[in-house]
Enquirer: 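Before I ask anything, here is the structure I am working with.
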Amino acid sequence: MFNVLSELEKFRAEDIPYSRVLSSMCTTPLPIALKAHELFIETNLGDPGIFAGTWKLEQKLIKMLGELLHNPNAKGYICSGGTEANIQAIRAARNVIRRERKIDRPNIVVPESAHFSFEKIGDILGVEVRRAKLDEEFKVDVASVESLVDENTVGIAGIAGTTELGQIDPIDELSKLALQLGVPLHVDAAFGGFVIPFMNKPYPFDFELEGVTSITIDPHKMGMATIPAGGILFRDEKFLNALIVETPYLTSRYQYTLTGTRPGTGVASAYAVLKHLGYKGMKQIVDECMRMTALLVEEMTSLGFEPVIEPVMNVVCFKTEKAEKIKEELYRRRWVISTIKNPRAIRLVVMPHVTEEVVKGFISELKSVLRS
Ligand code: PLP
C-alpha cells in the first residue's frame with residue numbers, strides 16, 4: 001500500500017539538521033514547545049470568539065512579553081515573524097502620524113544595517129525608506145538619522161541585535177531623538193528581544209526608554225518556540241487601534257492583524273517555553289550561547305581569523321576574502337554558514353543547538369576545507 005508518511009520522511013531527510021546549521025536565527029524548538037504546538041494545532045486566532053481560550057492565552061503572553069520589555073501594559077499580538085511585526089509597526093506609525101499631521105510622501109529612517117524586511121515595507125506601504133549611516137562599530141550614527149528626518153518622517157527605527165553582526169544600536173540616544181522630534185521609534189529586537197534582557201551587561205533597548213513606541217520580538221528565534229511565532233508590541237494602544245479593520249462575518253467585530261486566519265500554535269509554544277524555563281532558565285540558555293560564541297572566537301582566532309567586531313551577542317562574523325568559497329565548500333559538505341559583504345566575512349549564528357560538540361565538528365570540517 002502506498003505509504004504517504006514514508007514519502008514525507010524521504011523529503012524531510014533531505015533537509016539539513018540544525019546540528020549542522022550556523023546560519024539560521026531559528027533553532028530546534030524545546031520539547032515543551034512541541035507539546036504545546038500539538039495541543040493547539042487546529043486553533044485559529046483569526047476567529048477569537050471560537051478560540052476564546054487561545055485568545056485569552058495570547059493576552060497573557062503579551063502581558064508576559066510586556067513585563068520582559070518593561071511595560072506590562074503594552075498591547076500587541078503574536079504574528080508570523082519579524083517581517084510581519086516590522087510591517088505592522090511601521091504601518092501603525094504611518095497611520096497615526098498621517099492622522100495627526102498632513103503628510104504628502106511619508107518616509108522612515110532606518111539604519112543601513114536594518115533587515116531586508118524594511119525594503120518590503122517601503123514597497124508595500126508606499127513609504128520611502130531612508131538609510132542612516134553606521135559608525136565604525138556598525139551601530140547607527142544618530143547624527144545621520146537626525147539629518148535624514150524631515151516633516152514627512154513618520155518613524156525612525158533602531159535595531160537591537162542586527163541580523164548580520166548582532167550589534168545593538170544606541171537605542172537610548174535614538175529614544176531621546178524621537179522624543180525631541182516627536183516621531184515614533186520602532187525597535188527591531190526580533191533576534192535580541194530574547195537575548196539582551198538575559199545578558200550580563202545591560203543594554204537599554206525597550207519600553208524602559210520613554211521614546212520607544214513599538215518593539216518586534218520573535219519567539220521563533222531565541223524564544224525557542226515553534227515557527228511561526230513573531231511578536232509586535234506597542235507602548236500605546238492607539239497604535240494598535242490604527243491598524244483596525246472591520247470584520248463583519250467573524251465572531252469579532254474587527255481585526256488589527258495583517259493576516260486573517262492565524263495559528264494559535266506560536267502563542268502556546270512561546271508561552272510554554274517562557275513558563276517552563278522562567279527568566280532563570282532563559283538566562284542559562286543565553287549564557288551557554290555566549291560561552292559557545294567565545295569558544296568559536298577562540299578556535300577561529302587560533303586558525304588566523306579575526307572577528308569583524310567583538311561579538312556583542314551570539315552572532316559573530318570573521319573577516320576573509322574567501323568568504324563565498326568557504327561557504328560553498330562547507331555547504332557541499334552539508335554544513336551551513338552565511339556571509340556578509342561589507343566587510344567580506346563569514347557569519348556564524350550561535351543558536352542553542354550549537355553545542356560544544358557542534359563547534360568542534362564545525363571547526364574540524366572548516367580546517368579540512370581550508371587545507372583543500
Ligand atoms: N528583524 C531582524 C533583526 C531579523 O534578524 C530578522 C530575521 O532574521 C527579521 C527581522 C525577519 O524575521 P522573519 O524572518 O521571522 O520574518
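Order of listing sets the numbers, starting from 1, for every ligand and every atom in it.
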Enquirer: Look at the side chain of T293 and the backbone N and O of N314, then say whether any donor-acceptor pair between them is shorter than 3.5 Å.
Expert: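 Checked: no pair found.
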Enquirer: At less than 4.0 angstrom from any non-hydrogen atom of D218, what atoms of ligand 1 do you find?
Expert: 12 (O), 15 (O)
Enquirer: Can you name the nearest heavy-atom pair linking Y256 to L243, along with the distance?
Expert: O-CB, 3.6 Å
Enquirer: Heavy-atom contacts with A190 under 4.0 Å: which atoms of ligand 1 show up? List them by number with element.
Expert: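 With A190 as reference, the close atoms of ligand 1 come out as 1 (N), 2 (C), 10 (C).
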Enquirer: For Y254, does the OH atom have more than 12 heavy-atom neighbours from other residues, nucleotides or ligands under 6.0 Å away?
Expert: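 Result for OH/Y254: open.
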Enquirer: So which protein heavy atom does atom 11 (C) of ligand 1 come closest to, and at what separation?
Expert: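 Of the protein heavy atoms, H115 CE1, 3.3 Å lies nearest.
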Enquirer: Does an N or O anywhere in T162 fall below 3.5 Å from an N or O of ligand 1?
Expert: no
Enquirer: Using a 4.0 Å cut-off to any heavy atom of N86, which atoms of ligand 1 qualify?
Expert: 1 (N), 10 (C)
Enquirer: Quick one: which ligand 1 atoms are inside 4.0 Å of a heavy atom on G161?
Expert: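 Those atoms are 3 (C).
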Enquirer: Going by the order shown, which atoms of ligand 1 are within less than 4.0 Å of some heavy atom of T83?
Expert: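 The list of qualifying atoms is 11 (C), 12 (O), 13 (P), 16 (O).
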Enquirer: Could you grab the distance from atom CG of L45 to atom OG1 of T261, nearest 0.5 Å is fine?
Expert: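 Here the interatomic distance stands at 10.5 Å.
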Enquirer: Is there any N or O on E84 that sits under 3.5 Å from an N or O of ligand 1?
Expert: no
Enquirer: Could you list the atoms of ligand 1 found under 4.0 angstrom from a heavy atom of H220?
Expert: 15 (O)
Enquirer: Under 3.5 Å, is there a donor on one side chain and an acceptor on the other for T213 and R235?
Expert: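 There is no such pair between these side chains.
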Enquirer: Please could you name the atoms of ligand 1 that M25 approaches to less than 4.0 Å, counting only its heavy atoms?
Expert: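 Atoms satisfying the 4.0 Å criterion: 5 (O), 8 (O).
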Enquirer: May I ask whether G230 places a heavy atom under 4.0 Å from ligand 1?
Expert: no
Enquirer: I want to know if ligand 1 touches G81 in the polar sense, i.e. an N/O pair below 3.5 angstrom.
Expert: no
Enquirer: Have a look at V315, D188, I227 and point out the one with the heavy atom closest to atom 3 (C) of ligand 1.
Expert: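 When every heavy atom of V315, D188, I227 is considered, D188 comes closest to atom 3 (C) of ligand 1.
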Enquirer: How far is atom 5 (O) of ligand 1 from its nearest protein heavy atom, and which residue and atom name does that atom have?
Expert: T163 OG1, 2.8 Å
Enquirer: What are the two closest heavy atoms between T162 and S113, and how far apart are they?
Expert: CG2-OG, 3.7 Å
Enquirer: About how many Å separate OG of S214 and CZ of F207, when rounded to the nearest 0.5 Å?
Expert: 6.5 Å
Enquirer: Tell me the protein heavy atom at minimum distance from atom 14 (O) of ligand 1, and give that distance in Å.
Expert: K221 NZ, 4.0 Å
Enquirer: Strictly by modelled atom types, are N86 and S117 linked by a side-chain donor-acceptor pair under 3.5 Å?
Expert: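 A donor-acceptor contact under 3.5 Å links the two side chains.
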Enquirer: How long is the gap from CG on L366 to CZ on R371, to the nearest 0.5 Å?
Expert: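 Reported to 0.5 Å precision, the distance equals 10.0 Å.
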Enquirer: Any salt bridge between E112 and R131, counting N to O under 4.0 Å?
Expert: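 The answer is no: the pair does not qualify as a salt bridge.
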